[in-house]
2 protein chains.
Amino acid sequence: MHALSDSTRRDIVRRCLVSEASVSRLAEQYPMSFAAVQKHVAVLEQAGLVTKERSGREQLVRTDVEAVRRARTAIDQLEAVWRARVDRMTDLLNEPKGDTHEREER
Amino acid sequence: MHALSDSTRRDIVRRCLVSEASVSRLAEQYPMSFAAVQKHVAVLEQAGLVTKERSGREQLVRTDVEAVRRARTAIDQLEAVWRARVDRMTDLLNEPKGDTHEREER
DNA sequence: TTCACGTACAACCATTTGGTTGTACGTTAG
DNA sequence: CTAACGTACAACCAAATGGTTGTACGTGAA
């Protein structure tokens with residue numbers, strides 16, 4: 001998930017893991033507009049990292065603990081991919097065989 | 001290094017680790033213009049991942065093995081940072097203390 | 001010597017991303 | 001009831017990024 005690539009979003013996730021908060025109350029904590037924070041929350045929600053629950057006219061944001069755990073393992077895997085990539089590169093030093101290029105993810 | 005965040009650049013690094021190649025010969029391998037490849041090489045060169053050596057009218061590109069190794073440890077550290085971040089989040093589940101937000105890297 | 005080749009670089013373009021302001025709308029406090 | 005609040009969303013903006021074409025220039029093959 002690239003949803004956690006932004007530091008503001010990471011902080012929102014952290015905050016709402018401690019205690020749920022309305023979008024406005026969240027917005028007060030950051031040096032940006034309400035709309036910006038609302039967008040961040042929307043991104044997090046779409047990524048399944050956070051859930052919103054209506055309470056009166058407020059929308060309470062809460063972090064999904066399991067999603068965070070899932071993200072953690074995703075990070076582990078991503079790291080593994082990278083390591084494998086670099087490993088493969090350095091390996092090619094010793095056993096130089098012909099290889100072809102394929103377009104991959106991005 | 002974000003220089004390795006692009007798959008084309010990763011492939012260039014890989015290729016030039018196996019055997020050095022001129023920019024044109026590299027460019028032939030990818031579905032993009034010569035200029036685009038040349039830019040990628042420039043990025044890699046500036047990141048110190050690759051060196052160029054003039055040979056006649058060609059410019060031979062070669063991957064710096066040590067730089068790749070350095071990149072590898074950088075990846076390791078980056079992963080550690082992320083893990084620490086997620087760890088800290090999940091930790092907050094158990095010991096909920098008040099905390100303040102600080103803007104960080106991006 | 002000349003001309004094609006390999007290179008560098010500028011100018012431009014489309015897309016993504018994080019931000020803004022403004023508007024619309026439902027809900028609840030007074 | 002009405003006004004203020006909390007929210008959603010559209011429209012716009014600026015910067016970054018990966019791509020393009022076009023131009024300029026040095027060098028080596030013919």
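Predicted, not measured: the structure shown is a model, and the values here were computed from it. So you know, we letter chains A, B, ... as the sequences are listed, proteins then strands, and number each from 1.
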Which parts of residues 39-46 of chain A get close to DNA chain D, meaning a heavy atom less than 4.0 angstrom away? A/Lys39

So, with a heavy-atom separation below 4.0 Å from DNA chain D, the residues of residues 51-59 of chain B are B/Gly56, B/Arg57

Considering residues at least two apart in sequence or located in another chain, which fulfil the salt bridge (charged side-chain N to carboxylate O under 4.0 Å, His left out) criterion with A/Glu28? none

Which residues pass the salt bridge (charged side-chain N to carboxylate O under 4.0 Å, His left out) test with A/Arg72, sequence neighbours left out? B/Asp87

Could you tell me how far apart [X] ([atom1]) and [N] ([atom2]) are, to the nearest whole angstrom?
X       : N      : atom1 : atom2 : result
B/Ile12 : D/dG18 : CD1   : C1'   : 12 Å
B/Gln38 : D/dC25 : CD    : P     : 16 Å
B/Leu26 : C/dT7  : CG    : C1'   : 13 Å
A/Asp6  : C/dT17 : CG    : C1'   : 9 Å
A/Tyr30 : C/dG19 : OH    : P     : 11 Å
A/Glu28 : D/dT7  : CD    : C1'   : 14 Å
B/Leu60 : C/dA8  : CG    : P     : 11 Å

So, the side chain of [X] versus the backbone of [Y]: is there a donor-acceptor pair under 3.5 Å, distance only?
X       : Y       : value
B/Gln59 : B/Arg54 : yes
A/Arg14 : A/Cys16 : no
B/Ser22 : B/Arg25 : yes

With B/Glu53, which residues qualify under side chain to side chain donor-acceptor pair (under 3.5 Å), at least two apart? B/Arg62

Are A/Val50 and A/Leu60 connected into the same hydrophobic cluster when the rule is that any two of I, L, V, M, F, W, Y join if their side-chain heavy atoms are below 4.5 Å apart? no

With sequence neighbours excluded, residues passing side-chain contact (heavy atoms from CB on, under 4.5 Å) with B/Glu66: B/Asp64, B/Arg69, B/Arg70

Need one value for A/Arg9: base, sugar-phosphate or nothing, where a base atom within 4.0 Å counts as base even if backbone is also close, heavy atoms only. sugar-phosphate

Atom of A/Tyr30, atom of A/Asp11 and distance for their closest heavy-atom approach: OH-OD2, 2.6 Å

Distance-only criterion, 3.5 Å: show the donor-acceptor pairs between side-chain atoms of residues 33-47 of chain B and protein atoms not counting sequence neighbours.
| from | atom 1 | to | atom 2 | distance (Å) |
| --- | --- | --- | --- | --- |
| B/Ser33 | OG | B/Ala36 | N | 3.2 |
| B/His40 | ND1 | B/Arg9 | NH1 | 3.1 |
| B/Glu45 | OE1 | B/Lys52 | NZ | 3.3 |

Decide side-chain contact (heavy atoms from CB on, under 4.5 Å) for A/Thr63 and A/Leu49; before the verdict, give the C-alpha distance in whole Å, the side-chain angles of both, and the deciding distance to 0.1 Å. CA-CA 6 Å; A/Thr63 295; A/Leu49 284 162; 5.7 Å; no

Between protein and nucleic acid, restricted to nucleotides 21-23 of chain D and to nitrogen or oxygen atoms under 3.5 Å apart, what atom pairs and distances do you find?
none

